[in-house]
Amino acid sequence: QLDRTTASAIILRTDKDGYLRELALPKGHYLPVTGVVPDQPAETARNFLIEHRELFAPAGVVGSFSTLKSKRVRDLDYVRLSQQYRGTPVFGGEAIVHLSDAGRVQYVTTTLSKKLKEVGDNLDILSATVSLERVREIAENGASRSANVNQISVTNPILKLFDPTILET
């Protein structure tokens with residue numbers, strides 16, 4: 001539950017389905033987190049997203065989160081997390097959470113997939129349909145046509161789930 005005394009001072013954006021995209025509270029006001037992990041802002045941010053997952057997506061859809069980046073600036077921790085489904089990152093599925101010294105959430109913004117429940121147990125879709133070698137070959141050929149360089153370096157591809165609805169928000 002949000003503290004109703006701050007309701008007039010919050011910034012609130014939702015997606016077309018009514019799920020939370022952005023919530024900002026004024027300095028000194030915070031969202032509750034029961035799973036605060038002292039001195040571990042990324043764990044606390046992850047716990048917040050899981051505790052309040054019904055704000056962000058339909059039941060059973062959010063999945064899990066891995067930390068992309070965490071930094072401290074003055075009295076706030078900024079944590080950027082990647083949405084995952086059964087260990088596979090979701091392309092564009094991210095959340096940014098700002099936390100106070102005490103691990104209380106002051107700001108959250110998300111772009112999360114709402115379609116993971118449709119995947120269910122059909123793990124066949126989590127398999128790459130193109131080999132890593134073929135992906136490297138395509139990348140090298142495409143880059144060599146568009147660049148005047150003698151050598152092109154291609155990093156290892158990363159398998160990700162793609163949900164086009166993330167881009168619609």
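FYI, the numbering just counts along the sequence from 1.
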Applying the 4.5 Å side-chain criterion to the ILVMFWY set and letting contacts propagate, would [X] and [Y] be lumped into a single cluster?
X	Y	answer
L76	L31	no
I96	F65	no
V105	I50	yes
V36	L23	yes

Backbone of G92 reached by a side-chain donor or acceptor of T111 within 3.5 Å: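 The answer is yes, because a donor-acceptor pair under 3.5 Å joins these two groups.
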Looking only at atom types and distance, does a side-chain atom of T110 sit under 3.5 Å from a main-chain N or O of A95, one as donor and one as acceptor?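 Side chain of T110 to backbone of A95: no pair is present.
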Looking at [X] and [Y], what are the two nearest heavy atoms and their distance?
X	Y	result
P58	K114	CD-CD, 4.0 Å
V33	G103	CG2-O, 3.9 Å
Y19	F56	CB-O, 3.4 Å
V90	S113	CG1-CB, 3.8 Å

Distance, nearest 0.5 Å, that separates [atom1] of [X] from [atom2] of [Y]:
X	Y	atom1	atom2	result
K160	Q84	NZ	CD	9.5 Å
E94	K69	CD	NZ	11.5 Å
D77	D39	CG	CG	9.0 Å

So with a 6.0 Å cut-off around OH of Y78, is the heavy-atom count from everything else above 12?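 Yes, enclosed.
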Enclosure of D17 CG (heavy-atom neighbours >12, cutoff 6.0 Å):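 Buried by this count: over 12 neighbours within 6.0 Å.
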Are any non-hydrogen side-chain atoms of T44 and V79 less than 4.5 angstrom apart?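 SC-SC contact between T44 and V79 ruled out.
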Apply salt bridge (Lys or Arg N to Asp or Glu O under 4.0 Å) to E51 and list each qualifying residue two or more places apart in sequence or on a separate chain.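 Once residues adjacent in sequence are excluded, E51 has no partner under the salt bridge (Lys or Arg N to Asp or Glu O under 4.0 Å) criterion.
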Let me see the working for E22 and Y107 under side-chain contact (heavy atoms from CB on, under 4.5 Å), right down to the final yes or no. CA-CA 8 Å; E22 180 179 29; Y107 174 84; 2.8 Å; yes
Could you point out which residue of L12, D15, T109, L112 forms a side chain to side chain contact (heavy atoms under 4.5 Å, CB included) with L20?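 Of L12, D15, T109, L112, side chain to side chain contact (heavy atoms under 4.5 Å, CB included) with L20 is met by L12 alone.
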R46 and V37: side-chain contact (heavy atoms from CB on, under 4.5 Å), yes or no, with the steps? CA-CA 10 Å; R46 193 177 350 272; V37 181; over 6 Å; no
Audit row: H52, F48, ring pair (Phe, Tyr, Trp, His ring centres under 6.0 Å) steps and yes/no: CA-CA 6 Å; H52 300 285; F48 168 78; 4.8 Å; yes
